[in-house]
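Scroll down for the structure; my scribbles are underneath it.
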Amino acid sequence: MATKKKRSSNVDSDSWVVMAADSLIDTHKHDSDPVFVRLRNPTTDDACLYMFGSGDAQLYEVKAFEEDFHSWFVGQTVQRDGRLLFITPMDPLYLILPYLIKSGREGKFQPVDQVVKDDEFPACSRLLSCRWPLGSLHHIADEKEVGSSKFHRYSQEKTLNWLKKKVERTVVALKKRNISVGEGVKSTTYVRVKSEWDNQEEDFLRYAHGLISEYISEDLSKTLLKHLELPELASPKESEPPSKPPKKMTAAQKSLAKVDKTGMKPMSSFFSPKVKAEKK
(Lines give C-alpha, C1' and ligand atoms only; values in the text may rest on other atoms or scores of the structure.)
Protein backbone atom coordinates (compact mmCIF):
# COMPACT_ATOMS: atom_id res chain seq x y z
CA MET A 1 0.00 0.00 0.00
CA ALA A 2 1.46 3.33 -1.04
CA THR A 3 2.04 5.73 1.81
CA LYS A 4 1.24 9.38 1.49
CA LYS A 5 4.15 11.75 1.63
CA LYS A 6 3.95 14.08 4.55
CA ARG A 7 3.61 17.64 3.27
CA SER A 8 6.49 19.75 4.48
CA SER A 9 5.64 22.94 6.29
CA ASN A 10 6.23 26.01 4.13
CA VAL A 11 5.68 28.42 6.96
CA ASP A 12 8.45 30.32 8.64
CA SER A 13 6.85 31.94 11.69
CA ASP A 14 9.78 34.37 11.97
CA SER A 15 9.33 35.83 8.49
CA TRP A 16 7.26 38.81 7.41
CA VAL A 17 6.78 40.87 4.30
CA VAL A 18 8.00 44.36 5.13
CA MET A 19 8.12 47.78 3.47
CA ALA A 20 10.81 49.89 5.11
CA ALA A 21 13.21 52.74 4.48
CA ASP A 22 16.73 51.89 3.31
CA SER A 23 18.11 53.50 6.45
CA LEU A 24 16.64 50.66 8.50
CA ILE A 25 18.94 48.04 7.00
CA ASP A 26 22.02 50.24 6.79
CA THR A 27 24.32 48.55 9.31
CA HIS A 28 27.63 49.91 8.01
CA LYS A 29 27.83 52.63 10.66
CA HIS A 30 26.89 50.37 13.59
CA ASP A 31 27.66 46.84 14.68
CA SER A 32 24.21 45.86 15.98
CA ASP A 33 21.26 44.83 13.80
CA PRO A 34 17.76 46.39 13.88
CA VAL A 35 15.56 44.88 16.57
CA PHE A 36 11.83 44.77 17.36
CA VAL A 37 10.84 46.01 20.82
CA ARG A 38 7.63 46.56 22.75
CA LEU A 39 7.17 50.05 24.14
CA ARG A 40 4.34 51.97 25.75
CA ASN A 41 2.07 53.54 23.15
CA PRO A 42 1.81 57.29 23.92
CA THR A 43 -1.86 57.39 22.86
CA THR A 44 -3.35 54.22 24.35
CA ASP A 45 -0.78 53.56 27.10
CA ASP A 46 -0.74 49.91 25.96
CA ALA A 47 2.11 47.78 24.64
CA CYS A 48 2.90 48.41 20.99
CA LEU A 49 5.51 47.09 18.57
CA TYR A 50 8.33 49.40 17.48
CA MET A 51 11.78 48.92 16.04
CA PHE A 52 15.18 50.37 16.81
CA GLY A 53 17.53 50.73 13.88
CA SER A 54 21.13 49.58 14.04
CA GLY A 55 22.91 51.12 17.00
CA ASP A 56 19.57 52.44 18.31
CA ALA A 57 20.22 55.52 16.17
CA GLN A 58 16.63 55.75 14.90
CA LEU A 59 13.22 54.73 16.20
CA TYR A 60 10.68 53.26 13.78
CA GLU A 61 6.98 52.62 14.18
CA VAL A 62 5.55 49.35 12.93
CA LYS A 63 2.08 49.22 11.41
CA ALA A 64 0.44 46.16 9.93
CA PHE A 65 -1.96 46.04 7.00
CA GLU A 66 -4.01 42.89 7.37
CA GLU A 67 -6.70 41.22 5.26
CA ASP A 68 -8.60 37.97 5.76
CA PHE A 69 -7.50 34.92 3.76
CA HIS A 70 -4.26 36.49 2.62
CA SER A 71 -0.83 34.87 2.28
CA TRP A 72 2.43 35.52 0.45
CA PHE A 73 4.52 33.52 -1.99
CA VAL A 74 8.13 34.09 -0.98
CA GLY A 75 10.54 32.28 -3.29
CA GLN A 76 9.44 28.64 -3.32
CA THR A 77 7.56 28.88 -0.03
CA VAL A 78 4.18 30.10 1.16
CA GLN A 79 4.17 32.61 3.99
CA ARG A 80 0.94 32.04 5.86
CA ASP A 81 1.15 35.32 7.75
CA GLY A 82 -0.35 37.55 5.07
CA ARG A 83 0.21 40.83 6.88
CA LEU A 84 2.15 43.63 5.24
CA LEU A 85 4.30 45.53 7.74
CA PHE A 86 5.08 49.20 7.18
CA ILE A 87 8.14 50.36 9.13
CA THR A 88 8.65 54.12 9.04
CA PRO A 89 10.87 56.56 10.99
CA MET A 90 9.26 58.13 14.05
CA ASP A 91 10.21 61.00 16.33
CA PRO A 92 11.16 59.38 19.69
CA LEU A 93 10.04 62.53 21.54
CA TYR A 94 6.46 61.31 21.18
CA LEU A 95 7.28 58.28 23.34
CA ILE A 96 9.41 60.28 25.80
CA LEU A 97 6.68 62.91 26.26
CA PRO A 98 4.32 60.84 28.50
CA TYR A 99 7.17 60.13 30.93
CA LEU A 100 8.02 63.84 31.12
CA ILE A 101 4.37 64.77 31.67
CA LYS A 102 4.12 62.24 34.51
CA SER A 103 7.31 63.46 36.22
CA GLY A 104 6.30 67.08 35.60
CA ARG A 105 3.49 66.75 38.16
CA GLU A 106 6.16 66.87 40.84
CA GLY A 107 7.22 70.28 39.51
CA LYS A 108 10.95 69.72 39.85
CA PHE A 109 13.87 69.35 37.47
CA GLN A 110 15.21 65.82 37.09
CA PRO A 111 17.85 63.96 35.05
CA VAL A 112 16.10 62.59 31.97
CA ASP A 113 17.55 59.11 32.47
CA GLN A 114 15.67 58.97 35.80
CA VAL A 115 12.48 60.16 34.12
CA VAL A 116 12.39 57.75 31.18
CA LYS A 117 12.09 54.56 33.24
CA ASP A 118 9.44 51.88 33.03
CA ASP A 119 9.44 48.50 34.80
CA GLU A 120 6.92 47.13 32.29
CA PHE A 121 8.88 48.38 29.28
CA PRO A 122 12.57 48.52 30.26
CA ALA A 123 13.57 49.06 26.61
CA CYS A 124 12.21 52.63 26.89
CA SER A 125 15.62 53.77 28.17
CA ARG A 126 16.99 53.03 24.69
CA LEU A 127 14.94 55.98 23.39
CA LEU A 128 17.63 58.25 24.84
CA SER A 129 20.23 56.58 22.60
CA CYS A 130 18.49 57.75 19.44
CA ARG A 131 20.03 60.51 17.39
CA TRP A 132 17.75 63.42 18.32
CA PRO A 133 16.12 63.18 21.78
CA LEU A 134 18.85 64.56 24.04
CA GLY A 135 19.41 67.51 21.73
CA SER A 136 15.68 68.12 21.21
CA LEU A 137 14.30 67.92 24.74
CA HIS A 138 14.23 71.73 24.89
CA HIS A 139 11.19 71.55 22.55
CA ILE A 140 9.06 69.93 25.27
CA ALA A 141 10.84 70.73 28.53
CA ASP A 142 12.60 73.46 30.48
CA GLU A 143 16.30 72.83 30.90
CA LYS A 144 18.65 73.62 33.74
CA GLU A 145 22.37 72.97 33.54
CA VAL A 146 24.44 72.38 36.67
CA GLY A 147 28.08 71.79 35.93
CA SER A 148 28.25 69.16 33.22
CA SER A 149 24.79 67.75 34.03
CA LYS A 150 21.44 68.75 32.53
CA PHE A 151 18.08 68.58 34.29
CA HIS A 152 14.65 68.81 32.67
CA ARG A 153 11.07 69.62 33.64
CA TYR A 154 8.01 69.23 31.43
CA SER A 155 6.71 72.44 29.84
CA GLN A 156 3.19 72.41 28.42
CA GLU A 157 3.72 75.73 26.67
CA LYS A 158 6.80 74.50 24.81
CA THR A 159 5.12 71.20 24.01
CA LEU A 160 2.06 72.88 22.48
CA ASN A 161 4.25 75.17 20.37
CA TRP A 162 6.27 72.14 19.23
CA LEU A 163 3.11 70.22 18.33
CA LYS A 164 1.69 73.27 16.55
CA LYS A 165 4.77 73.34 14.31
CA LYS A 166 4.27 69.63 13.65
CA VAL A 167 0.68 70.34 12.57
CA GLU A 168 1.75 73.24 10.34
CA ARG A 169 4.45 71.17 8.64
CA THR A 170 1.90 68.40 8.09
CA VAL A 171 -0.46 70.91 6.44
CA VAL A 172 2.35 71.98 4.09
CA ALA A 173 3.03 68.33 3.19
CA LEU A 174 -0.67 67.65 2.53
CA LYS A 175 -0.95 70.66 0.23
CA LYS A 176 2.27 69.80 -1.57
CA ARG A 177 0.86 66.36 -2.39
CA ASN A 178 -2.51 67.83 -3.45
CA ILE A 179 -4.40 65.77 -0.88
CA SER A 180 -7.96 67.06 -0.42
CA VAL A 181 -9.39 66.92 3.08
CA GLY A 182 -12.51 67.97 4.96
CA GLU A 183 -16.21 67.20 4.92
CA GLY A 184 -16.35 67.56 1.16
CA VAL A 185 -14.10 64.57 0.59
CA LYS A 186 -15.13 61.05 -0.28
CA SER A 187 -13.22 58.85 2.13
CA THR A 188 -12.77 56.12 -0.46
CA THR A 189 -11.00 58.27 -3.04
CA TYR A 190 -9.92 61.42 -1.16
CA VAL A 191 -11.38 63.52 -3.98
CA ARG A 192 -13.15 66.77 -3.11
CA VAL A 193 -16.74 66.66 -4.29
CA LYS A 194 -17.93 70.05 -3.08
CA SER A 195 -17.05 73.34 -4.67
CA GLU A 196 -16.92 75.31 -1.40
CA TRP A 197 -13.33 76.18 -0.50
CA ASP A 198 -13.96 78.83 2.18
CA ASN A 199 -13.07 76.58 5.10
CA GLN A 200 -10.33 74.65 3.34
CA GLU A 201 -7.55 75.97 5.61
CA GLU A 202 -9.49 74.89 8.69
CA ASP A 203 -10.06 71.50 7.04
CA PHE A 204 -6.32 71.07 6.57
CA LEU A 205 -5.60 72.08 10.17
CA ARG A 206 -8.21 69.67 11.52
CA TYR A 207 -6.94 66.84 9.34
CA ALA A 208 -3.32 67.47 10.35
CA HIS A 209 -4.36 67.73 14.00
CA GLY A 210 -6.01 64.33 13.68
CA LEU A 211 -2.83 62.80 12.27
CA ILE A 212 -0.66 64.24 15.06
CA SER A 213 -3.22 63.12 17.65
CA GLU A 214 -2.41 59.51 16.79
CA TYR A 215 0.83 60.02 18.72
CA ILE A 216 -0.35 61.93 21.80
CA SER A 217 -2.86 61.42 24.61
CA GLU A 218 -6.51 62.38 24.24
CA ASP A 219 -6.20 65.15 26.85
CA LEU A 220 -3.19 66.66 25.11
CA SER A 221 -5.00 66.38 21.76
CA LYS A 222 -7.92 68.45 23.11
CA THR A 223 -5.54 71.04 24.56
CA LEU A 224 -3.73 71.25 21.23
CA LEU A 225 -7.06 71.81 19.46
CA LYS A 226 -7.66 74.88 21.63
CA HIS A 227 -4.08 76.03 21.08
CA LEU A 228 -4.74 75.90 17.32
CA GLU A 229 -7.89 77.99 17.99
CA LEU A 230 -10.09 75.32 16.46
CA PRO A 231 -13.49 74.79 18.15
CA GLU A 232 -14.57 71.26 18.91
CA LEU A 233 -17.06 69.90 16.41
CA ALA A 234 -20.41 69.06 18.01
CA SER A 235 -21.83 65.67 17.21
CA PRO A 236 -24.85 65.93 14.83
CA LYS A 237 -26.81 63.62 17.13
CA GLU A 238 -26.59 66.11 20.00
CA SER A 239 -28.82 68.63 18.17
CA GLU A 240 -31.26 66.07 16.81
CA PRO A 241 -34.36 64.80 18.66
CA PRO A 242 -34.23 61.18 19.86
CA SER A 243 -35.22 58.76 17.13
CA LYS A 244 -36.16 55.12 16.89
CA PRO A 245 -33.35 52.56 16.97
CA PRO A 246 -31.92 52.26 13.42
CA LYS A 247 -32.78 49.17 11.46
CA LYS A 248 -30.07 47.05 9.89
CA MET A 249 -29.33 48.20 6.36
CA THR A 250 -28.17 46.13 3.44
CA ALA A 251 -25.04 47.06 1.52
CA ALA A 252 -27.19 48.48 -1.29
CA GLN A 253 -29.20 50.58 1.17
CA LYS A 254 -26.00 51.93 2.73
CA SER A 255 -24.69 52.92 -0.70
CA LEU A 256 -28.00 54.58 -1.58
CA ALA A 257 -27.99 56.50 1.70
CA LYS A 258 -24.74 58.20 0.69
CA VAL A 259 -26.17 59.47 -2.61
CA ASP A 260 -27.01 63.17 -2.87
CA LYS A 261 -30.82 63.11 -3.20
CA THR A 262 -31.24 66.84 -3.90
CA GLY A 263 -33.98 67.32 -6.50
CA MET A 264 -34.97 63.64 -6.52
CA LYS A 265 -38.56 62.49 -6.03
CA PRO A 266 -39.39 59.54 -3.81
CA MET A 267 -40.33 56.34 -5.68
CA SER A 268 -43.81 56.41 -4.13
CA SER A 269 -44.62 59.65 -5.99
CA PHE A 270 -44.67 57.77 -9.31
CA PHE A 271 -47.36 55.37 -8.09
CA SER A 272 -49.60 57.66 -6.02
CA PRO A 273 -52.98 58.53 -7.57
CA LYS A 274 -53.14 61.76 -9.49
CA VAL A 275 -55.01 64.58 -7.80
CA LYS A 276 -57.97 65.68 -9.90
CA ALA A 277 -58.16 69.37 -10.58
CA GLU A 278 -61.19 71.05 -8.96
CA LYS A 279 -63.86 72.25 -11.33
CA LYS A 280 -64.50 75.94 -11.19
Side-chain angles (χ1 to χ4, degrees), residues 14-30 32-67 70 72 74 79 81-99 116 118 121 123-137 139-140 159 162-181 185 187-190 204-218 220-221 224:
D14 294 328
S15 298
W16 299 276
V17 176
V18 173
M19 292 188 67
D22 291 338
S23 59
L24 178 64
I25 57 176
D26 183 11
T27 58
H28 293 91
K29 297 180 181 178
H30 306 278
S32 59
D33 292 328
V35 60
F36 286 104
V37 293
R38 290 194 178 277
L39 299 171
R40 191 180 296 278
N41 185 292
T43 307
T44 64
D45 207 38
D46 296 327
C48 198
L49 191 64
Y50 296 90
M51 175 174 271
F52 283 111
S54 57
D56 292 355
Q58 173 67 56
L59 175 71
Y60 296 85
E61 65 174 332
V62 181
K63 291 192 175 183
F65 176 74
E66 187 173 2
E67 288 184 327
H70 189 195
W72 296 99
V74 182
Q79 176 61 39
D81 188 341
R83 291 179 297 175
L84 176 60
L85 300 185
F86 292 90
I87 302 180
T88 53
M90 178 181 178
D91 191 336
L93 284 185
Y94 284 119
L95 271 68
I96 293 174
L97 185 57
Y99 294 103
V116 186
D118 198 323
F121 305 94
C124 70
S125 60
R126 298 172 67 172
L127 292 167
L128 301 177
S129 301
C130 292
R131 240 188 333 254
W132 302 305
L134 291 178
S136 303
L137 284 172
H139 291 306
I140 58 177
T159 298
W162 173 69
L163 290 171
K164 182 179 180 180
K165 290 178 181 177
K166 291 275 190 184
V167 170
E168 290 171 347
R169 284 197 291 267
T170 303
V171 168
V172 172
L174 291 170
K175 290 180 178 179
K176 188 176 180 180
R177 289 165 175 76
N178 293 320
I179 297 176
S180 295
V181 298
V185 176
S187 59
T188 53
T189 57
Y190 294 98
F204 274 111
L205 280 172
R206 286 190 181 279
Y207 192 87
H209 168 265
L211 293 176
I212 298 300
S213 294
E214 293 182 7
Y215 300 96
I216 57 178
S217 67
E218 185 178 354
L220 187 54
S221 174
L224 176 59

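Side-chain atoms of Q58 come within 3.5 Å of backbone N or O of M90 as a donor-acceptor pair. S221 contributes no side-chain N or O that, together with a main-chain N or O of S213, makes up a donor-acceptor pair within less than 3.5 Å.
Remark: of the listed residues T170, V181, V167, V171, V181 is the sole one forming a side-chain contact (heavy atoms from CB on, under 4.5 Å) with Y207.
With values rounded to the nearest 0.5 angstrom, L205 atom CG is found 7.5 Å from E168 atom CD. K166 contributes atom NZ, which lies 6.5 Å from atom CD1 of I212 (distance to the nearest 0.5 angstrom). Rounding to the nearest 0.5 angstrom, the gap separating the CG atom in D56 from the OG atom in S129 is 5.0 Å. Here the CG-NZ distance, from L174 to K176, works out to 12.5 Å after rounding to the nearest 0.5 Å.
Taking 4.5 Å as the limit, some side-chain heavy atom of D118 sits within range of a side-chain heavy atom of R40. Counting heavy atoms from C-beta outward, L49 and L39 have side chains that stay 4.5 Å or more apart. A 4.5 Å side-chain heavy-atom check between D91 and W162 finds at least one atom pair inside the cut-off. Contact of the L128 side chain with the I96 side chain is registered, since non-hydrogen atoms from C-beta on lie closer than 4.5 Å. Proximity of L93 to L127: side-chain heavy atoms (C-beta onward) are nowhere separated by under 4.5 Å. Using a 4.5 Å heavy-atom cutoff, the side chains of L95 and Y50 are in contact. No side-chain heavy atom of F52 sits less than 4.5 Å from a side-chain heavy atom of D33. Y94 places a side-chain heavy atom less than 4.5 Å from the side chain of L163.
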Step by step, would you call T43 with I216 a side chain to side chain contact (heavy atoms under 4.5 Å, CB included)? CA-CA 5 Å; T43 307; I216 57 178; 5.6 Å; no

Would F36 and I87 count as a side chain to side chain contact (heavy atoms under 4.5 Å, CB included) here? Give the steps. CA-CA 11 Å; F36 286 104; I87 302 180; 4.2 Å; yes

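Here the closest heavy-atom approach between residue F121 and residue R38 is recorded as CD2-O, 3.4 Å. Closest of all the heavy-atom pairs between L224 and K164 is CD1-N, 4.1 Å. Residues L84 and F86 share a closest heavy-atom pair of CD2-CZ, 3.5 Å. R126 approaches V37 most closely through the heavy-atom pair NH1-CG1, 4.0 Å. Residues A64 and L85 share a closest heavy-atom pair of CB-CD2, 3.5 Å.
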